[in-house]
Trainee: 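For reference, the structure I am asking about is given below.
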Amino acid sequence: MKNPFYYGGVVGKENFCNRKEEINQLKSDIKNGLNVLLYAPRRFGKTSLVLRTVEELGKKENLNFVFVDLLGISNIEEFINEYFNAIVKSFETSIEKTINFLKNILNFKPTVKILLDQSGSYKLQIEFTKSQLNQTLEEVLNLPLKYANKGKKICVIFDEFQEIQTIGVENKLRTIIQHHSNKISYIFMGSKKSVLTKMFSDKTKAFYKSVKHFH
């Protein structure tokens, strides 16, 4: 007899059980442009729950979602490139369309390398000087808004969000996304409850009272 339980990775539709109430609540929050904090220990199904939700919304509501796993990202340069790749791959379907997008939507003209792996998949790498770092970061953080202003419905998902504190973009990220209110829904997921609780409930922290809590 096949084991009906799946453990240790993202659960697909065939292995997903129930959670209808949570999915419906998340759908409502996303459609209303609310920001949500979702925390639970690792391997408790957070990613599966959120991806199932946005995939269903993608079909019914024409929603685009951007997924960024912050675990393992250690500095601002890595964050910029990981986030940038996640955004453009969510909206653009080819390298050519991505290059045209860069020419038409960005306020600056970065040097972009196209990196191909053995399977033919590509990854983009933005190159910039130290003096261009702040402008590049701000441009990338505002990319989802530029798509939203074109009529796109967007949800941005940050996994293991507590790691943002070690990357050094916490304050800048908060400053930028507060201007995206109602146009973009942000979901902040993490596994360290005590750290996340402090990040969103401590008056001295950048993300104080910036989300609707969702356990």
Side-chain angles (χ1 to χ4, degrees), residues 29-30 32-38 50 54 63-92 97-113 115 123-190 195-196 199-200 204-212:
D29 293 339
I30 292 170
N32 287 307
L34 298 179
N35 297 336
V36 177
L37 170 61
L38 177 60
V50 172
V54 294
L63 174 88
N64 285 81
F65 70 90
V66 178
F67 183 91
V68 185
D69 187 350
L70 298 179
L71 195 64
I73 298 176
S74 59
N75 57 55
I76 297 177
E77 290 81 2
E78 289 180 7
F79 172 82
I80 288 173
N81 275 295
E82 288 296 323
Y83 193 26
F84 177 75
N85 273 276
I87 293 168
V88 296
K89 288 187 177 182
S90 176
F91 293 96
E92 309 300 335
K97 287 186 177 181
T98 299
I99 298 302
N100 288 332
F101 152 80
L102 291 173
K103 291 178 179 178
N104 295 325
I105 204 169
L106 295 180
N107 293 324
F108 73 118
K109 306 302 178 188
T111 299
V112 179
K113 282 186 176 180
L115 308 176
K123 190 172 186 179
L124 301 176
Q125 180 175 305
I126 306 177
E127 295 187 339
F128 46 86
T129 64
K130 286 186 178 179
S131 63
Q132 296 171 319
L133 187 146
N134 285 332
Q135 181 189 12
T136 306
L137 174 62
E138 187 167 329
E139 287 274 351
V140 170
L141 291 176
N142 271 315
L143 283 182
L145 181 63
K146 291 184 178 182
Y147 278 111
N149 287 337
K150 288 186 171 185
K152 300 285 188 179
K153 296 179 182 178
I154 303 169
C155 177
V156 177
I157 305 158
F158 288 113
D159 199 6
E160 298 299 343
F161 186 69
Q162 68 275 346
E163 304 301 318
I164 203 77
Q165 296 183 115
T166 64
I167 297 171
V169 298
E170 186 177 0
N171 291 336
K172 190 67 170 180
L173 177 61
R174 177 67 178 95
T175 299
I176 295 293
I177 68 173
Q178 68 182 349
H179 299 295
H180 300 176
S181 179
N182 298 325
K183 292 187 176 182
I184 302 167
S185 175
Y186 286 87
I187 298 179
F188 307 103
M189 298 195 299
V195 177
L196 288 165
M199 287 178 68
F200 289 90
T204 65
K205 299 294 183 180
F207 278 85
Y208 174 66
K209 286 189 174 180
S210 61
V211 298
K212 170 183 178 180

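None of these values were measured; they are calculated from a predicted model. Residues take their numbers from the sequence shown, with the count starting at 1.
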Trainee: Between the side chain of E78 and the main-chain N/O of S74, is any donor-acceptor distance below 3.5 Å?
Mentor: yes
Trainee: Any chance you could lay out the side chain to side chain contact (heavy atoms under 4.5 Å, CB included) test for V140 and I126, step after step, and finish with the verdict?
Mentor: CA-CA 10 Å; V140 170; I126 306 177; 4.3 Å; yes
Trainee: Walk me through whether H179 and L145 qualify under side chain to side chain contact (heavy atoms under 4.5 Å, CB included).
Mentor: CA-CA 9 Å; H179 299 295; L145 181 63; 5.6 Å; no
Trainee: Please report the interatomic distance CG(D159) to CG(L71), rounded to the nearest 0.5 Å.
Mentor: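 D159 atom CG to L71 atom CG measures 8.0 Å (nearest 0.5 Å).
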Trainee: Determine whether a donor-acceptor pair (N or O, by modelled atom type, separation under 3.5 Å) exists between the side chain of T166 and the backbone of E163.
Mentor: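 Yes.
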Trainee: Measuring from atom NZ of K172 to atom CZ of F79, what distance do you get when rounded to the nearest 0.5 angstrom?
Mentor: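 Going from the NZ atom of K172 to the CZ atom of F79 covers 12.0 Å.
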Trainee: Just wondering, do L141 and Y83 contact through their side chains at under 4.5 Å, heavy atoms?
Mentor: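 In contact.
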Trainee: With rounding to the nearest 0.5 Å, note down the distance linking CD in E139 to CZ in F84.
Mentor: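 Going from the CD atom of E139 to the CZ atom of F84 covers 10.5 Å.
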Trainee: Does a donor on one side chain sit under 3.5 Å from an acceptor on the other, for N142 and H180?
Mentor: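 Checked: N142/H180 side chains pair up, N/O donor to acceptor below 3.5 Å.
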Trainee: Answer yes or no: is there a donor N or O on one side and an acceptor on the other, between the side chain of S185 and the main chain of N35, under 3.5 Å?
Mentor: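 Between the backbone of N35 and the side chain of S185 there is no qualifying donor-acceptor contact (under 3.5 Å).
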Trainee: Under 4.0 Å between a Lys/Arg side-chain N and an Asp/Glu carboxylate O for E77 and K130?
Mentor: no
Trainee: Whether the K183 and N149 side chains hold a donor-acceptor pair (N or O, under 3.5 Å, no angle test) is what I'd like checked.
Mentor: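 Side-chain D/A pair, K183 to N149: present.
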Trainee: With heavy-atom distances below 4.5 Å as the criterion, would you say the side chains of E160 and D69 are in contact?
Mentor: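 E160 vs D69: side chains touch.
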Trainee: Taking atom CD of Q165 and atom CG of L196, what is their separation to the nearest 0.5 Å?
Mentor: 8.0 Å
Trainee: Would you call the rings of F161 and F200 parallel, tilted or perpendicular, taking 30° and 60° as the class edges?
Mentor: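 Taking F200 first and then F161, their aromatic rings sit tilted (interplane angle of 30° to 60°).
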Trainee: For K152, I'd like to know if atom NZ has over 12 heavy atoms of other residues, nucleotides or ligands within 6.0 Å.
Mentor: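 No, NZ of K152 has 12 or fewer neighbouring heavy atoms, counting only those of other groups under 6.0 Å.
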Trainee: Sub-3.5 Å donor-acceptor pair from the side chain of S90 to the main-chain atoms of N64, do we have one?
Mentor: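 Checking the backbone N and O of N64 against the side chain of S90, no donor-acceptor pair under 3.5 Å is found.
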Trainee: Spell out, as yes or no, whether a donor-acceptor pair under 3.5 Å connects the side chain of R174 to the backbone of F207.
Mentor: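 Flag not set: sc R174 to bb F207 has no pair under 3.5 Å.
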